Asker: 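I am attaching a structure below and will ask some questions about it afterwards.
For clarity, every value in this text was computed on a predicted model and none was experimentally measured.
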Amino acid sequence: MTETPIVSISFFRMKTRANRAWAMWMMGQARLSLPRVPGIGFWKLCGSGKNEGFTPQAVPEVFAILCSWPDEATARAQTQSAAIFNRYRTRASESWTIYLETTSARGVWSGKSPFSASRKEQRGPLAALTRATVKPSRALKFWEQAPNVNKLIDGDPNVVFKIGIGEIPLLHQVTFSIWPDTSKMAEFARRSGPHADAIDAVRKGNWFAEELYARFAILGDAGSWNGASPLDRLELTA
């Protein structure tokens, strides 16, 4: 692996019951195939929440594979040609992969620091990922806050794309979002209201057993989501 691994996130929409059942089964079986993909580093399999949001209601229609790679060329080649990714695409009604370069990261995921930051200055559009392991004793309080935060981010016109995914429903949660620039994202983060209240409650209540926060420069994408590339919206917000 190079000092600055590239990250890919591939999303697959499974429309039929049979394909959703297959994807659920693959949450276990793909763990045998992914480590064999040449060049792959850190990887995780995730499912989505209701309406692709950050909610406690799991809806097994959207599934995601997150991976780190030594370089962009390897990331693109393997996500487009490796057998395991092709198996998902064959079953999916729609799929989209975004390619990212880590610009900052802090925290751990499953006890590891999976993303090495390039330390480049963050300019232009960016993606943000937050990941947390919620303490079981704090899960109820955490999910009481989530719907209000979800509504707030849904109503922000600067959000280009957002989705809530996770490894284990209720306890292992990931949010992924795309923003036109750092100032627009910071404006949302600083705004008073449900988001600020949730952050304050998390810090005071020590709700998380593990946390990770990362930002990425956007390198490009492949495929479509809801009939188009989500990155097309960056031109509309420019």
Asker: Looking at CZ of Phe63 and CE of Met26, how far apart are the two atoms once the value is rounded to the nearest 0.5 Å?
Answerer: 11.0 Å
Asker: How long is the straight-line distance from CZ of Arg76 back to CD1 of Ile6, given to the nearest 0.5 Å?
Answerer: 10.0 Å
Asker: Grab the two heavy atoms, one from Ser33 and one from Ile84, that are nearest each other, plus how far apart they are.
Answerer: CB-CD1, 4.0 Å
Asker: With rounding to the nearest 0.5 angstrom, report the CG to CG distance, Leu100 to Leu126.
Answerer: 10.0 Å
Asker: Would you say the ring centers of Trp22 and Tyr88 fall short of 6.0 Å from each other?
Answerer: yes
Asker: How many angstroms lie between atom CG of Leu231 and atom CG of Leu219, to the nearest 0.5 angstrom?
Answerer: 10.5 Å
Asker: Taking the side chain as every heavy atom from C-beta outward, state whether Glu94 and Lys15 have any pair of such atoms under 4.5 Å apart.
Answerer: no
Asker: Start with the C-alpha gap between Met185 and Arg215, add the side-chain angles, then the distance that decides, and say whether side chain to side chain contact (heavy atoms under 4.5 Å, CB included) holds.
Answerer: CA-CA 11 Å; Met185 187 179 73; Arg215 292 185 183 183; 3.1 Å; yes
Asker: Out of curiosity, Ile178 CD1 to Arg233 CZ, how far, rounded to the nearest 0.5 Å?
Answerer: 9.5 Å
Asker: Show your working on side chain to side chain contact (heavy atoms under 4.5 Å, CB included) between Asp181 and Asn158 and close with a plain yes or no.
Answerer: CA-CA 9 Å; Asp181 53 54; Asn158 295 309; over 6 Å; no
Asker: Report yes if some heavy atom in the side chain of Ser10 is under 4.5 Å from a heavy atom in the side chain of Phe85; otherwise report no.
Answerer: yes
Asker: Search all heavy atoms of Ser95 against all heavy atoms of Arg89 and return the closest pair with its distance.
Answerer: OG-CG, 3.3 Å
Asker: The test is side chain to side chain contact (heavy atoms under 4.5 Å, CB included); show your working for Phe11 and Ile163 and say whether it passes.
Answerer: CA-CA 10 Å; Phe11 299 98; Ile163 190 168; 3.8 Å; yes
Asker: Are the aromatic rings of Trp96 and Phe12 close, with centres under 6.0 Å apart?
Answerer: no
Asker: I want to know whether Phe216 and Tyr99 have ring centres closer than 6.0 Å.
Answerer: no
Asker: Would you give the length of the straight line joining atom CG of Leu234 to atom CH2 of Trp179, rounded to the nearest 0.5 angstrom?
Answerer: 12.5 Å
Asker: Could you pull out the closest heavy-atom pair between Ile40 and Pro35, with the gap in Å?
Answerer: CG2-O, 4.1 Å
Asker: How about Ser48 and Glu61: does a side-chain donor come under 3.5 Å of a side-chain acceptor?
Answerer: no
Asker: Does the side chain of Cys67 come within less than 4.5 Å of Ile65's, by heavy atoms?
Answerer: yes
Asker: I'd like to know if Glu210 and Arg131 make a salt bridge, using a cut-off of under 4.0 Å between side-chain N and carboxylate O.
Answerer: yes
Asker: Which atoms form the tightest heavy-atom contact between Thr79 and Ser8, and what is the distance?
Answerer: CG2-OG, 3.6 Å
Asker: Taking the inter-plane angle between the rings of Phe42 and Phe115 on a 0 to 90° scale, is it parallel (under 30°), tilted (30 to 60°) or perpendicular (over 60°)?
Answerer: perpendicular
Asker: Is there a donor in the side chain of Thr175 and an acceptor in the side chain of Thr130, or the other way round, less than 3.5 Å apart?
Answerer: yes
Asker: Does Met24 have more than 12 heavy atoms from other residues, nucleotides or ligands lying within 6.0 Å of its CE?
Answerer: no
Asker: Taking all heavy atoms of Val108 and all of Ser113, pick out the closest pair and write down the distance.
Answerer: CG1-OG, 3.8 Å
Asker: Quick check: closest heavy atoms across Thr102 and Ser116, and the distance to 0.1 Å?
Answerer: CB-O, 3.6 Å
Asker: Test Leu66 against Trp43 for side chain to side chain contact (heavy atoms under 4.5 Å, CB included), laying out the working first.
Answerer: CA-CA 5 Å; Leu66 179 149; Trp43 57 267; over 6 Å; no
Asker: Report yes if some heavy atom in the side chain of Val62 is under 4.5 Å from a heavy atom in the side chain of Met14; otherwise report no.
Answerer: no
